[in-house]
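Numbers restart at 1 for each chain; the letters A, B, ... are given by sequence-line order, proteins then strands. As a basis for the values below, the full set of heavy atoms in this structure was taken, side chains included, without hydrogen atoms, waters or symmetry mates.
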Protein chains: 2
Amino acid sequence: MNFPEHKLIYYIQKWVDLSEADAASILAAFEPIAVKKKTQLLAPQEVCRYVYFITSGSMRSYHIDQKGTEHIYQLRLENSWISDLESFFSQKPSKYYIESMEDSTLLRISFDRLEMLYAEVPKMERYFRILFQKAYINALQRLNSTMWDSAEERYQDMVKENCDILQRVPQTYIASYLGITPESLSRIRKKK
Amino acid sequence: MNFPEHKLIYYIQKWVDLSEADAASILAAFEPIAVKKKTQLLAPQEVCRYVYFITSGSMRSYHIDQKGTEHIYQLRLENSWISDLESFFSQKPSKYYIESMEDSTLLRISFDRLEMLYAEVPKMERYFRILFQKAYINALQRLNSTMWDSAEERYQDMVKENCDILQRVPQTYIASYLGITPESLSRIRKKK
DNA sequence: TTGATTTCTTAACCTAGATCAAGGGTACAA
DNA sequence: TTGTACCCTTGATCTAGGTTAAGAAATCAA
């Protein structure tokens, strides 16, 4: 079987064992969608209704400050999750945008449907516990390197990870994600 | 009943319903310890063996860079959790210190005992899922404000939270936590 | 009570990265 | 195929916060 939905099961099974029945329940809970490049899935003031698993393409989330400058805080490729968890779990208005950077396909699940899924397949509680734990560890590492490493070190770390995101999205997005201006990133790249 | 252990149950019950039996299982899984000010619970190269719930006092976690400068990335008061999750969950050597800032009492649980507890009381899986979810949201907010707000704004936000940590620990710790030098914090405080 | 350590403040100077401005390249829409 | 928007680069200048240094104040151990 080779439906795109199965990638989701593959990634969940890296962390918890699933029966055939579990897998079926999970797939039934998610709804597939397809979006063109630069489609907004969330805008400020809206409540974030879904958590998304990206099956192909790439997404970013960002906010726009008082001066009108965009600040990207998440860049995600296929086989990872994206949402505004703060808005999703509180079901209160978001401060952020979520937008596709390429034509993309996603699986989405709503707040109520997710709570149902936790009841149906309690292992999902464990899966998301592990997912958030890793996400939290990651966010702290990013915080540490933002506070204490130079912009150049942060960029070189990203290059070392050899993530093809560097080839797939504009440098201005990478710069914003690293917390610097496009001009600074251009100067850093020139050096090497 | 008024044993200090019960604060733990109180805080867990804010997020999941516990039976008497659940509460008993949880309390049985944790071991109380008491430490003097400036006691190290973890040092670099050691594996972080426990997750700690602080029942009284305060803790910090930090690392020391090549130049010998301390960088604090967590400051925690009573009724919150502290650990190095990266080391704890991988059971690999840590890069961080965990140290008490005041005389403190804590409840600790080991990796194996926690896995047993998840099996005994599956609701704990849900509790930690919610805890890490909130911690992750928080870490992203801190990352955003470190990237995009001035040092003064970050300090003022901390003052607004009205957290008594500002009174209880040296300013040099607050400065490091905010990602600035003690000199800069002193200048910021002088302004107002 | 007293020296020793730690913490906080202030001042002079420095630097990484921001800001402002302008030109060239590239990609897609018509 | 051309024009329009976006993207990247480069240079000149500016600034928040770092660095270095030194003294004052507070805290602590004996």
Next item on the list: Report yes if a side-chain nitrogen or oxygen of B/K190 is closer than 4.0 Å to either non-bridging phosphate oxygen (OP1 or OP2) of C/dA11; otherwise report no.
Entry: yes
Check: According to a strict under-4.0 Å criterion, is A/S184 in side-chain N/O contact with OP1 or OP2 of C/dG17?
Finding: no
Check: Which nucleotide, C/dT7, C/dA18, D/dG11, lies nearest any side-chain atom of A/T181?
Finding: C/dA18
Next item on the list: May I have the distance from B/E183 (atom CD) to C/dT7 (atom P), rounded to whole angstrom?
Entry: 13 Å
Notebook entry, point to check: Does CZ in B/R113 sit with more than 12 non-hydrogen atoms of other residues, nucleotides or ligands closer than 6.0 Å?
Noted result: yes
Next item on the list: Give a yes or no on whether a salt bridge exists between B/E153 and B/K160, defined as a side-chain N under 4.0 angstrom from a carboxylate O.
Entry: no
Next item on the list: On DNA chain C, check which nucleotide each of B/W148 and B/K38 is closest to and give me the residue with the more 5' one.
Entry: B/K38
Next item on the list: For A/I174 and D/dC7, give me the distance from atom CD1 to atom P, rounded to whole Å.
Entry: 13 Å
Next item on the list: Kindly point out which of D/dC7, C/dT7, D/dG18 is positioned nearest to the side chain of A/P170?
Entry: D/dC7
Notebook entry, point to check: Over how many whole Å does the gap from B/I180 atom CD1 to D/dA16 atom P extend?
Noted result: 14 Å
Next item on the list: Return no unless some side-chain N or O of A/Q171 is found under 4.0 Å from OP1 or OP2 of D/dT9.
Entry: yes
Notebook entry, point to check: CZ of B/R189 versus C1' of D/dG17: gap in Å, rounded?
Noted result: 17 Å
Check: With respect to the side chain of B/A151, which nucleotide from D/dG17, C/dT10, D/dA12 is positioned closest?
Finding: D/dG17
Check: Charged N to carboxylate O below 4.0 Å: is that the case for B/K38 and B/E99?
Finding: no
Item checked: Spacing of B/K67 atom NZ relative to D/dT19 atom C1', expressed in whole Å -> 10 Å
Notebook entry, point to check: What is the distance, rounded to the nearest whole Å, between atom OH of B/Y173 and atom C1' of C/dT6?
Noted result: 10 Å
Margin query: Rounded to whole Å, please give me the gap between NZ in A/K36 and P in C/dC28.
Written below: 13 Å
Notebook entry, point to check: Are the charged groups of B/R60 and B/E70 less than 4.0 angstrom apart, N to O?
Noted result: yes
Item checked: Name of the residue among A/Y50, A/F128, A/Y52 meeting ring pair (Phe, Tyr, Trp, His ring centres under 6.0 Å) with A/W81 -> A/F128
Next item on the list: Answer with base, sugar-phosphate or nothing: what part of the nucleic acid does A/K37 contact at a heavy-atom distance below 4.0 Å?
Entry: nothing
Notebook entry, point to check: What's the closest nucleotide to the A/R187 side chain, out of D/dT19, D/dG18, D/dA12?
Noted result: D/dA12
Note to self: Among C/dC8, D/dG18, D/dT9, which nucleotide has an atom closest to any side-chain atom of B/T172?
What the structure shows: C/dC8
Next item on the list: Provide, to the nearest angstrom, the distance between the CG atom belonging to A/L185 and the C1' atom belonging to C/dA18.
Entry: 14 Å
Next item on the list: Looking only at side-chain atoms of B/R154, point me to the closest of C/dT10, C/dC20, D/dG17.
Entry: D/dG17
